[in-house]
Engineer: 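Can you keep this structure in mind? I'll have questions shortly.
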Amino acid sequence: SQQGEEDPQALSIQEGENATMNCSYKTSINNLQWYRQNSGRGLVHLILIRSNEREKHSGRLRVTLDTSKKSSSLLITASRAADTASYFCATDNSWGKLQFGAGTQVVVTP
Amino acid sequence: NAGVTQTPKFQVLKTGQSMTLQCAQDMNHEYMSWYRQDPGMGLRLIHYSVGAGITDQGEVPNGYNVSRSTTEDFPLRLLSAAPSQTSVYFCASSYSIRGLGSPLHFGNGTRLTVT
């Protein structure tokens, strides 16, 4: 069973726009992580946010975590064509068992 | 530093055949894991290991075996392939699961088709 569920399933935006995707989960977590997957490749880690943190930034990425609502969001600002990828949230609620959602497919058009 | 290396990249098996998917990491990571990725289902954990000689089951372990005789290697064995095992398989490792968590490093995957 999936712990994290991303929303929307797919997102199409133009270069320069912001992209926001959300992740909801069901049980308490130790941390939540976001990953990117380019077509035909493995996942690449983007950001890890711990359960006692509310917001983290990394370059053009901003992640928020609301443990009371069991949700997280990933914002990509000033999107580029190179940001076209699938984005996954993963919840860590039992050491060694990181659970992934089904992902959000993001397409950024020039 | 090669990171996480998976071989082969592609494999076609007939139902009932067995095979081993190889995974090696050169980062001295304690933790290694295997996931399968199917359309619309995200990644599901098959087996994982927190160190040499220690393995445990994930969410979907049936039909797969693993062993961890060294820190570097974590092979996944399909005992008797079935069409339901057609998937993309990813090996991932991380420094440690102790403490406050650490990010996973993924290989580029093995695309397996069982006919």
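Atoms considered below: every heavy atom in the structure, side chains included; atoms not considered: hydrogens, waters and symmetry mates. Proteins come first, then strands; the chains are lettered A, B, ... in the order of their sequence lines, and each starts at number 1. None of these values were measured; they are calculated from a predicted model.
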Engineer: Hey, what do you get for OH (B:Tyr35) to CG (A:Leu98), rounding to the nearest 0.5 Å?
Structural biologist: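 B:Tyr35 OH to A:Leu98 CG: 4.5 Å, rounded to 0.5 Å.
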Engineer: If contact means a heavy atom pair closer than 4.5 Å, which residues of residues 103-115 of chain B contact chain A?
Structural biologist: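 Listed by number, the contacting residues are B:Pro103, B:Leu104, B:Phe106, B:Gly107, B:Asn108.
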Engineer: Spell out, yes or no, whether A:Leu43 and B:Val88 are grouped together once hydrophobic residues are joined by side-chain heavy atoms under 4.5 Å, including indirect joins.
Structural biologist: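 Result: yes, single cluster for both.
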Engineer: Does A:Glu53 have any salt bridge (Lys or Arg N to Asp or Glu O under 4.0 Å) partners at least two apart in sequence or in another chain, and if so, which?
Structural biologist: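 Checked A:Glu53 against salt bridge (Lys or Arg N to Asp or Glu O under 4.0 Å); zero matches.
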Engineer: For atom CD of B:Gln11, is the number of surrounding heavy atoms from other residues, nucleotides or ligands below 6.0 Å larger than 12?
Structural biologist: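 Correct, the count exceeds 12.
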Engineer: Rounded to the nearest 0.5 Å, how far does CD of A:Gln33 lie from OG of B:Ser94?
Structural biologist: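 The OG atom of B:Ser94 sits 8.5 Å away from the CD atom of A:Gln33.
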Engineer: Test of understanding: clusters of I, L, V, M, F, W, Y form through side-chain heavy atoms closer than 4.5 Å, transitively. Do B:Ile54 and B:Tyr48 belong to the same one?
Structural biologist: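 Yes, B:Ile54 and B:Tyr48 fall within the same hydrophobic cluster.
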Engineer: Side-chain donor-acceptor pairs under 3.5 Å in residues 15-23 of chain A, sequence neighbours left out?
Structural biologist:
residue, atom, partner, partner atom, Å
A:Glu15, OE2, A:Ala81, N, 3.1
A:Glu17, OE1, A:Gln14, N, 2.9
A:Asn18, OD1, A:Ala78, N, 3.0

Engineer: Taking a hydrophobic cluster as the set of Ile, Leu, Val, Met, Phe, Trp and Tyr residues connected by side-chain heavy atoms closer than 4.5 Å, whether directly or through intermediates, do B:Leu43 and B:Ile46 fall within one such cluster?
Structural biologist: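 No, because B:Leu43 and B:Ile46 fall into different hydrophobic clusters, even though each may have its own neighbours under 4.5 Å.
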Engineer: Should we count CZ of A:Arg60 as having more than 12 external heavy atoms under 6.0 Å?
Structural biologist: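 Yes, because the 6.0 Å sphere around CZ of A:Arg60 holds more than 12 heavy atoms from other groups.
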Engineer: If I measure from the heavy atoms of chain B, does A:Gln9 come under 4.5 Å with its side chain, its backbone, both, or neither?
Structural biologist: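 Contact with chain B: none, neither part.
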Engineer: In a table with atom names and distances, give each donor-acceptor pair under 3.5 Å that connects a side chain of residues 71-81 of chain B to protein atoms at least two apart or in another chain.
Structural biologist:
residue, atom, partner, partner atom, Å
B:Asp73, OD2, B:Thr70, OG1, 3.2
B:Arg77, NH1, B:Ser67, OG, 3.2
B:Arg77, NH2, B:Ser67, OG, 3.3

Engineer: With the side chain counted from C-beta on, respond yes when A:Phe88 and B:Gln37 share a heavy-atom pair under 4.5 Å apart, and no when they do not.
Structural biologist: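 They are in contact (side-chain heavy atoms under 4.5 Å apart), so the answer is yes.
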